[in-house]
Amino acid sequence: MWPFEGREGELAAIVSAFRGSDVNAVTVTAPAGMGKTRLAREAAGALSEARTAWIGATRAGAAFPFGALAPSLPEDEPATGPLNTILAAARQAGGWGGRGGVVVVVDDAHLLDEGRPRSSRTWPPTASAS
């Protein structure tokens, strides 16, 4: 893998924000090919004390309501509809340690399904303090 250079300031800002108490979510936006995914991977790696849930949105997954959350669902709790899917994912992440203990990365969020904009206030979930 290529060395990570030139974005140390952005990386430090993301890590600092997650470790602080007043920021629940960080959005990294830029045109395609600018290194958003690499920056997110480096930030998640720097937050080694937290469990990372990596959600990769795809065009194929967008055909299913909250399909990108499927890998985050508990195996013993089948999702039976959009609301139950997001609630199950929130419970799963809450069990991982809540705010400060979990980093949720949504890669290629523009490929999420149509239900995502209506639920953006509930994901990522927080346990004690998105």
Quick one, Trp54 and Arg41 - any side-chain contact, counting heavy atoms below 4.5 Å? yes
Set of side-chain contact (heavy atoms from CB on, under 4.5 Å) partners for [X], sequence neighbours left out:
X: Arg51; result: Trp96
X: Leu111; result: Ala57, Arg59, Asp108
X: Glu5; result: Pro3, Glu8

Taking the side chain from Arg7 and the backbone from Arg38, do they hold a donor-acceptor pair closer than 3.5 Å? no
Quick one: do Phe18 and Phe4 end up in the same hydrophobic cluster if we chain Ile, Leu, Val, Met, Phe, Trp and Tyr together by side-chain heavy atoms under 4.5 Å apart? yes
Going from CG on Asp107 to NZ on Lys36, what distance comes out if it is rounded to the nearest 0.5 angstrom? 8.5 Å
Can you spot which of Leu47, Ile14, Val26 makes a side chain to side chain contact (heavy atoms under 4.5 Å, CB included) with Val103? Leu47
